[in-house]
Amino acid sequence: MTAQPSVAGPAASVGRIWAVALNTFREAARIRVLYGILVLVVASNLLALVMGEMSIREETRVARDVGLAGISLFGSLTAIFLGVFLLYSEVQRRTIHAIVSKPIERWEFVFGKYLGMALVLSVLVALFGLAMALLLGSQGVAPSLAVAKALVLAWAEVLTVAAIAIFFSSFSSPFLSGIFALGLFALGRLTPDIEAAAATAQGTWIPAVATVALELVPDLHLFSISGRMLDGVAVSVHGEFVGWGYVATALGYGALWILGLLAASSLLFQRRDFS
Amino acid sequence: MREPCADGALGPQVALSLAASVSALAIEVRGLEKTYRTPFRRRKVEALRGVSFSVERGRVFGFLGPNGAGKTTTIRVLMGLIRPSAGSCRIMGHDLPSQVARSRVGFLPEQPYFYDYLTVSELLDLAGRLFGLDRATRRRRADELIAKVGLDRARSQSLKKYSKGMLQRAGLAQALMNDPDVVVLDEPTSGLDPVGRKEVRELILELRDAGKTVFFSSHILSDVETIADEIAIVARGQIQSQGTPRELVGQSLQGTEIVLRLAADAANSDAERSLAAPARAARRIADELTVTLAAEDDVDAYLALAHGLGAKVVSVVPRHETLEAVFLRQIAGADASGSAREGRV
């Protein structure tokens with residue numbers, strides 16, 4: 001009888017997740033749209049510089065704001081694109097047949113796909129940040145700790161949005177997954193505004209529905225806190241920004257949502273037939 | 001099979017593992033059912049209706065059936081791609097779709113779709129990682145298998161540039177990466193040219209000689225007949241029959257073909273007419289008379305008659321039903337009973 005390698009245990013499990021992640025990274029790195037998005041981000045930073053030049057004594061402020069918004073927006077859109085495309089294409093193109101017939105658990109496959117996607121998105125956010133830093137540097141604006149923290153928060157947001165997209169992709173078509181993920185992204189960004197609107201609608205069923213609905217949506221505005229009020233204090237990358245404690249808490253919050261969404265995706269994926 | 005913990009000295013897990021490892025069967029499928037609902041009309045479709053069969057270790061098992069018979073569905077259930085509605089499968093004594101069972105199997109999907117941006121080396125490395133092989137083993141196995149399937153020259157090309165036959169060979173290589181005990185091949189010769197089909201058949205026999213169990217599906221009768229030790233014919237989601245090729249085709253003798261060489265003066269004579277009379281068919285070419293006796297005719301008595309009339313026996317060949325005829329009859333039977341059942345519903 002053939003000596004078989006062990007397939008049980010955490011080390012073997014990590015090995016399989018890593019194998020899928022590496023392959024996903026390879027696959028995603030070949031998607032030309034990503035390079036287009038990178039160009040768009042650089043363009044948005046250039047636009048930010050132009051807009052800054054047009055403003056009076058607000059050059060740096062506008063450039064930073066538009067640059068960070070571009071990273072957050074394009075990063076999240078890329079996350080949705082990859083999330084809904086990469087998992088679905090495995091099923092659609094039947095490449096998954098040769099994978100899940102091997103001793104890999106379905107949850108390992110889902111986590112591996114996510115990890116590979118997270119690697120790609122992390123590289124992209126790093127490149128976005130580098131492009132912004134270089135363009136700001138060319139205008140004589142030195143990098144600041146506040147911008148670094150904002151970048152880390154944007155990265156966490158992008159990874160959370162990727163998990164949302166994977167979740168919908170585990171049971172739905174790319175089109176519907178994209179719509180659902182975009183909707184959740186928009187809702188997640190608007191949670192304080194929805195809360196405020198619901199609070200004004202006193203005496204109706206709206207506040208109760210809004211409260212329940214907001215519990216089901218990740219609070220993505222926590223990751224783009226610049227320009228908002230936090231505990232009654234205005235925070236901004238141009239002045240008083242959040243501390244590392246807040247960043248760590250936001251990262252933990254994002255990680256919990258990511259784990260929850262991936263667990264739910266794995267359960268849904270577990271039940272799927274691959275015909 | 002040993003009873004778990006029969007000797008009382010082994011822990012339950014060790015004993016179960018031992019029991020699994022000594023099972024004489026490589027594959028056991030019991031009462032497999034799969035029912036789908038169509039997307040909009042929610043019509044019930046029974047893809048598998050109580051499929052049961054078993055495959056002994058070290059044998060080549062051909063799973064034969066027309067398109068849509070349930071071959072691929074059965075294989076996908078075996079490989080954990082589809083969950084059965086009812087029934088169970090075991091591979092090398094381990095329940096499916098357990099990880100241990102899948103670690104003992106190599107699988108070539110029907111029309112293999114692989115990541116076309118990978119080279120064959122990268123594909124095999126990925127397969128090796130999923131099987132938990134270490135780096136050195138992955139490299140060694142990949143080199144061996146690439147040479148074995150004849151893709152040495154194309155090893156640096158991406159799979160996108162491969163022909164159908166080359167992809168099939170790459171698929172076979174990834175299926176063998178873990179040196180499996182059981183190899184499951186879904187339509188391995190489909191779409192290949194005659195040379196490619198021959199190579200695949202030879203590889204299957206090579207695997208059997210190396211002690212592997214090979215389970216393959218096909219609708220190409222000649223491939224199955226040539227290499228399978230045992231065949232199951234499946235139609236309309238049910239096993240119609242199972243046995244060795246000889247058992248399947250040898251059960252019904254169709255007749256006996258006898259070639260006689262007549263004496264020089266016997267042609268166009270009473271002797272020829274006497275020899276042709278009891279036969280179901282007779283034709284003469286030069287001094288050779290070929291007669292076909294019915295299955296129930298007494299061959300010994302006929303040979304005695306021929307001997308008495310001075311004819312020499314050149315050959316006596318019993319004519320059995322061909323696998324093709326058995327196959328077509330069983331498919332027709334399954335279709336008729338299926339139509340009758342649908343009519344009743």
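Numbered from 1 within each chain, the chains take letters A, B, ... in sequence-line order. The shown structure was predicted, so the numbers you read here are calculated from the model rather than taken from an experiment. Scope of the values below: all heavy atoms of this structure, side chains included, with no hydrogens, waters or symmetry mates.
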Report the distance from atom [atom1] of [X] to atom [atom2] of [Y], rounding to the nearest 0.5 Å.
| X | Y | atom1 | atom2 | value |
| --- | --- | --- | --- | --- |
| B:F114 | A:I99 | CZ | CD1 | 9.0 Å |
| B:L96 | A:S101 | CG | OG | 11.0 Å |
| A:R26 | B:L126 | CZ | CG | 8.0 Å |

Where does [X] contact chain A at under 4.5 Å (heavy atoms): side chain, backbone, both or neither?
| X | result |
| --- | --- |
| B:Q174 | both |
| B:R83 | both |
| B:A127 | both |

Residues of residues 115-125 of chain B within contact distance of chain A, non-hydrogen under 4.5 Å: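 Residues of residues 115-125 of chain B touching chain A at under 4.5 Å: B:Y115, B:D116, B:Y117, B:L118, B:E122.
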Residues from residues 104-123 of chain A approaching chain B under 4.5 Å (heavy atoms): A:I104, A:E105, A:R106, A:E108
Top residue by heavy-atom pair count (under 4.5 Å) with chain B, among [options]?
| options | value |
| --- | --- |
| A:V100, A:N23, A:I17 | A:N23 |
| A:A98, A:A11, A:A12, A:G15 | A:A98 |
| A:K102, A:R94, A:R16 | A:K102 |

Distance-minimising heavy-atom pair for A:A19 and B:R129: CB-CB, 3.6 Å
Taking every non-hydrogen atom, the tightest pair across B:I82 and A:D273: CA-OD1, 3.4 Å
Heavy-atom proximity to chain B below 4.5 Å, by part of A:R93: both
Sub-4.5 Å side-chain heavy-atom contact between A:V20 and B:L130: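 The answer is yes, as the side chains (C-beta and beyond) meet within the 4.5 Å cut-off.
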Contacts of type ring pair (Phe, Tyr, Trp, His ring centres under 6.0 Å), residue B:F216, not counting sequence neighbours: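 Scan of B:F216 (ring pair (Phe, Tyr, Trp, His ring centres under 6.0 Å), adjacent residues dropped) gives none.
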For A:F274, all residues meeting ring pair (Phe, Tyr, Trp, His ring centres under 6.0 Å), sequence neighbours excluded: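 A:F274 satisfies ring pair (Phe, Tyr, Trp, His ring centres under 6.0 Å) with A:F269 only.
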